[in-house]
Structure formats: structure tokens, C-alpha cells
Amino acid sequence: MTTKTVEMEWGGRTLRFSTGKLARQANSAVVCEYGNSAVLATVGMTDQPVSANFLPLRVDFEEKMYAVGRIPGGFFKREGRPSDEAILVSRRIDRPIRPLLPHGLRHDVQVIATPLSAENETSIELISMIGASAAMSASSVPFGGPLGIAQIGRLDGEFIVNPTFQQVADGDMSLVIAATRKGINMIELQGLQVTESVVAQAFELAFAEALKIMDFIESFASDLDVERPEITIWAPRQGIVDAVREKAYDRVAGIIEMPDKKQRERTLRALQAELAASLADEFDSPSNDIEGAIADIMGERLKKAVLDEGRRLDGRAFDQTRDITCDVTLFPRVHGSALFQRGDTQCLTITTLGAIRDQRMVRTLEQEEYERYMHHYNFPPFSTGEVRPMRSPGRREIGHGFLAQKALEAVLPAEEDFPYTIRLVSEALESNGSTSMAATCGSTLSLMDAGVPIKAPVAGISIGLVWDGPERYQLLTDIQGIEDFEGYMDFKVAGTRLGITAIQMDTKTDGLPINILVESLEQARVARNQILDIMAETIPYPHTELSPYAPRMFTIHIDPAKIGSVIGPGGRVVRKFQEEFSVEIDIRDDGTIYVFGEDSDKAEAARQAIADMNREIQVGEVFTGRVVSTVAFGAFVEILPGREGLLHISNIAWERVEQTEDVLKPGDMVEVKVLEVDDEGKLRLSRKDLLPKPEGYVERPPREGGREGGGGSRGGSRDGGGRGGRDGGRPHGGGGGRR
């Protein structure tokens, strides 16, 4: 195997490819290094084709915690199933590679990206995508690359090539593209309501940077000794293609014009079964060939209708959305609910509000933090009229959920203003194109129904493409299923009236010119505003009150130096609050305390109790407190949660009290007055000052230099020592005993 290392300066750091040293039994293996990050990208392909009626490409991003010097959590202390974040990286590697492989390739192809070293100065996702492109170009797989990859950030109005993780976090836009020399074939963007003109400029810059990567990969792979065996590309047998066209061309053309999706699919399945039966005697296992031949006819008919006849199959104008209806507050027991329907695509989104401790811990190679906002997307089989086992969410569901999540992150209120954990779940109940954008719209409605004070409503739309080259094409607003399957682009754009918050674009071409993408942005903007108008008719603003079933969150700020008193020894005080008031309490280092409870009254009571515990107590204030304990020289009374004072035996009553327990016992409620607050905050209390003075009572002055014993401190003696003497209730100084 040829050993080769090449490097170039790119974006202020060194990009390096090396091959021939690691993983030498793979079809190809490339170590891609950028800065202090390194990824091993490998490609494998089976020698023989497999039995499949699809392109069997598998891409895996293997998240290795050793790459950042961290031991995985959990009992087994090793990596388990891929995290959602790892799956998202796998999808971003897969999506631009797939259209550059022959559609009829039936050999298993596997791409694995294994991070070996990761730093926050470099996006490990970007390095993995570049490494995968280099490994594909150095392999024997019939790959139509190379792919160029680039990331553009925007901070303080300036574009940044290959931004650091922190620059992405601080900026207002992050764009990742994959491209060939013919144009861009994959886009991922997240922004804080950035305008279309800014995005168009970012496309231009990203494509220019991607061209540098293409040149570098070509120079790297040009003289590698790569064995390229003959690979047979599957295609429907010509005899079956001819038979299908002769027997069913007009019927297929009529089927795709059917407006009802269920009827269309049922009729198509019946036709496929009929053709399979009629051709079974002449051809072995003709089903896959029949499906391929029919798919070709459907693609031709779609292209003819749109490009030659100037019409869409369902009669809509090219820039027209399907009929849209919205509804909210469908299920009053949940915290927020909304139904968004666009044509035969229907999405139900439920909002749940939770405590801070409900946040999701995200631990990746680039970050370790808690997420207060989650969006989960489900695609049950009945949404397409299918019957199949229910399994955990697949890569598509995770990808769609993340797209809707990042579309709405830009408009969520700041945590200090709305300190709830927010979870959205979108159920795709009917699917006929762009359920992810329906989930985005439904999520906005559901959040507003839940009373989440979002900054602005967000809507999403998908723009499709019928393509016969860069000079002959047509953009389609709001594509339905058949326009997606037989079309050439799925350009999803979400945003507010002010700008874009998320983009995801895939294409079945080998790259689209930037002018088509810019045109798509404008067409999406117009449609997005139309959808926002319709949504506003249902709910124009977030509800001002949370659902009565939603938990309540109260906030209080205290001196950080007093946090320890709220927590208490071993957490005793805070646990007592939580048990007594049935709340959850989260305490931040800056003195911010969040009180979260299902019962609003109890949560408010807990908040008030914490506030009282930390407020300044004034001499002369009167409280009704609970006797915590009794000692020979008096009782300790809790006048506020966590705030106790000494009620000396001489201040229990005007009459002489021989034993504290003669009047007070632990658990008794007693009204007391504050006599003194010393420099350490210790309290001296009186009960007798609130009682009527007995008739004929004569106050006797204390002996010179005397004062009552006990000191007002809970730390004083509990055995009577230091209590001081008394005579008829008159306090005296002195160290011990009674007269």
C-alpha cells in the first residue's frame, strides 16, 4: 500500500492527509488532521453485490471519548450506542456522498469516521466530513467526487472560515456545506434570524473554500496505487423495461396524477402486482426491475408535466402551498398542544415544561453541558398507511427532530427570564412531504399555546426542484411526496419574518449552482410569511398564562454568602423545604434560587419561606414560631424556616417558670417578640412581652452588672449552667444557680 502524507495551510491552520500507515486492510484509510484534531476515515466495499433494491451505503461516526482524554460514564465505562449528536454527524457525512454514487450500485459500502484527537479549536464534524471525502476518493468505490467541505461562521458581522467552537457559540450563524465543482449538494445552517442576503454571501464564501479542499483531495489521491475492479451497476433488465412501457406507460402516467395519496399508492401497488404476475413466466424475480422501470416513467412524467407543460401534478401553481389549517389546545391536560395540517401532511406537537433538573446532559467530543430545550420527532408507521414493528427512533427521525429544534432555538426566551426545561414532541400523524417543516410550524403553535414567551413565531417550508440541467429547471414550493421522491432537491428553510433560523438541503444532483439556491431562499421567504399569516389567525401571541396543569417556577435572589444556610448541614434545610412544600429547588452559585412545584400555592409558599429565611429581622417584630427544642434555661423557637432564636426561661411568662416544659414543649406554636439581634445574627426572643402584665406586678431591677444567662445563642449550655438566677421572674446576672 502506498504511504503518503500531504498538507496545506487552510484557514490559519494546517490540514494534513496521510495514508498507508493505519488500517491497511480497509479498502482505503485516511487520517485527516487539522490543528490538534485528527480523524481516521475508512471505506469498505464488498467484493460481490448484495441482494437489495436500494443503494446499500452505511456511514458511522464513532464517538470515542479518549479523543478528548475523557473516560465514558456509565457502569461499563465504554462507549455504547451512538448518541443523537453522533448520529447527526453520520447523516451529514452520508447525505453529500450518497448522490455521488451510482444509483444502481449494489455492493455494500461502509464509511467509518473515528476521531482520534479532538480539540475545541476545530470542528470534529468538519474534519470527519473532509476525511470521509478523501477516503472515498482514495478508494476503489465508483465515487463521483471529490467533495469539498467548508464551514462558515459569522461573529460581529464578520464571516469566519472554519470557526472555533466558541466562535460558533458566540456568533449569529453557522453554515456547513458540501460541494462538487458543479455546485453545492448539501447545506446545514443554524442562524439567529439572519437575512437571505447574508446567507447568500455565506454560500459564495463557503463554495470558494470548498474548491480549495477539492483541489487538495485531488492532488492527494492522484498518484495513489488504487486497484479499481470492474463493478457491475444494476439496472432494470431491458426486456422488463420494454414490457412495462408497452403494457403500462399510460396507466402509470395516470396514476401519478391522482390527487388522493392513498388511492394513488393502492393503485400503484395493484399495478406492480399485476405486471409481476404477467411477466413471471418470462423473467425470474421481476419485481425489482418492474419497480425500477415504473420509477423511471414517473420521473419522466413529472419532468414533462413541470418543464414541458408548465404545471404541477396536483394543479397548484409552482409557488403555491397546499391548504393549511392550524389548531391549538387540543388536549387541556398537557401543557401545550397544536396540530398543523398542510395537505396530507399532519403533525401534532406537544409541549411539556419541566424543572431545571430535567435538563438533558449532552456530552460530546466538543462540549459537556446541559440542554434546557429538546425536540423529539416520531414517525409511526400509520402515518404512511404502513404496518411495521415499532422501534426506537431511527436516523431520519433524529435528524428531523434536530432540524425543528435548531429552527426554534433562536427565538426561545433567555433562561433567566423563563427558567423552565422545555421538551417538544412532534408526532407525524400523516405524511405526504416535509413533515419536518410541519413539525417546525406545529412546534411554534404548541409553544405559544403553552405560554412560552418566544421572541417571534417560526415557520418552515420545503422548496423542491425539477431539473434538466442548470439552464432548464423549475422550483416548487411545498413539495408533496411524489415531488420529493421523483424530484431533485429538498431545500428546507425555517425562520421568522426577520430572517432565517435553520436550513437543511439535500439534492439528488451532483451539485447545484448558487444562483438556484439564492432563488430558492427568496421563494421560501415568501411562502414562510404566508404560513406565518395563517398561523397568526389561530394564535397570534403566546398565552400570557401557563396551563393550570403546568408546574410553576418561582425565582429568588439571595446573597451568595447565605447559600450555605439555605442548603443546611448535609442538605438538611433544602431537603426539608422540598419535602414540606412538595417542590424541587435548584440553587445557583450566584445566589439565584429556583423553586419549582406542581402546586402554585405551595411553590409560592416555599419561595416566601426561603425569602423570609434570608431577610433581615428587626427588633420588635412579632412571629408565631415552633418550639424546636427545650433546655433548662429556655427554648429554641424557629420563627422562620431555618431561623431560630432563644426564648430564655425568664422571658416565657411574667410569672416564675420553674421548668421550661411546664409551659412549652417541642412542637408547640408560640407567639414571640424579637428583643435583640446581635452582630452574628443570633436572636433573643420574648413571649412574656406579648402577654398582659399581671395586676400588681412589680418590676425588680437586676443586680448591678447582671443580665439574663444563656447568652441568646443556641450554642449555650443545655444543662442550666450559665442561665443565671431569678427572683420572681426578675433576671439577675451571675454565673449559676438560683437564689
Side-chain angles (χ1 to χ4, degrees), residues 10-11 13 15 32 34-35 37 39 41 59 61 84-100 111 113 115 118 120-134 145-155 159-169 171-180 183-192 194 198-214 217 364-367 398-399 402-403 405-407 409-410 490-494 500-507 511-512 514 517 521:
W10 185 47
R13 280 163 279 175
L15 177 65
C32 178
Y34 191 55
S37 293
V39 172
V59 177
F61 174 79
D84 286 0
E85 289 70 29
I87 288 172
L88 292 169
V89 177
S90 299
R91 280 173 51 84
R92 288 172 195 151
I93 298 171
D94 179 304
R95 285 161 40 212
I97 288 176
R98 191 172 292 273
L100 300 185
V111 180
N120 282 342
E121 293 299 308
T122 303
S123 166
I124 201 68
E125 172 186 325
L126 180 72
I127 305 310
S128 298
M129 294 174 70
I130 293 173
S133 175
L147 277 168
I149 317 294
Q151 182 176 14
I152 303 297
R154 188 169 180 263
L155 181 61
F159 291 116
I160 303 171
V161 177
N162 304 337
T164 66
F165 185 73
Q166 191 59 50
Q167 287 172 329
V168 170
D172 65 357
M173 186 192 73
S174 176
L175 166 69
V176 176
I177 71 155
T180 67
I184 296 174
N185 80 336
M186 193 280 291
I187 298 172
E188 282 279 346
L189 180 144
Q190 184 170 12
L192 300 179
V194 292
V198 168
V199 173
Q201 293 175 53
F203 286 167
E204 296 280 359
L205 178 57
F207 184 67
E209 294 298 323
L211 287 172
K212 299 176 184 178
I213 299 301
M214 295 177 220
I217 292 176
T364 69
L365 299 183
E366 294 179 330
Q367 63 177 333
I398 291 171
F402 179 74
L403 175 59
Q405 175 174 322
K406 72 179 185 179
E409 280 180 337
D490 187 2
F491 191 100
K492 302 183 181 80
V493 185
I500 294 169
T501 57
I503 296 176
Q504 186 178 96
M505 190 278 283
D506 300 308
T507 177
L512 294 173
I514 292 176
L517 303 178
L521 288 175

My understanding is that only residues two or more places apart in sequence, or in another chain, count here; which of them pass salt bridge (charged side-chain N to carboxylate O under 4.0 Å, His left out) with Asp84? none
Kindly write out the residues that satisfy ring pair (Phe, Tyr, Trp, His ring centres under 6.0 Å) with Tyr34, not counting sequence neighbours, or none if the list is empty. Trp10
Checking [X] side chain against [Y] main chain: does a donor-acceptor pair fall under 3.5 Å?
| X | Y | value |
| --- | --- | --- |
| Asp490 | Asp506 | no |
| Thr501 | Ala494 | yes |
| Ser90 | Phe61 | yes |

Between atom CE of Met173 and atom CD1 of Ile160, what is the distance when rounded to the nearest 0.5 Å? 9.5 Å
Going from CD on Glu125 to CD on Glu85, what distance comes out if it is rounded to the nearest 0.5 angstrom? 11.0 Å
With side chain to side chain contact (heavy atoms under 4.5 Å, CB included) as the criterion, how do Ile514 and Glu204 come out once you've worked through the C-alpha distance, each side chain's angles and the decisive distance to 0.1 Å? CA-CA 7 Å; Ile514 292 176; Glu204 296 280 359; 3.7 Å; yes
Shortest non-hydrogen contact from Met129 toward Arg92: CE-O, 3.4 Å
Before accepting this row, confirm whether a basic side-chain N of the pair Glu121/Arg13 lies closer than 4.0 Å to the acidic partner's carboxylate O. no
Is it true that Lys406 and Glu409 have a side-chain N and a carboxylate O under 4.0 angstrom from each other? no
Please examine the side chains of Ile184 and Leu512, heavy atoms only from C-beta on, and report whether any two atoms are closer than 4.5 Å. no
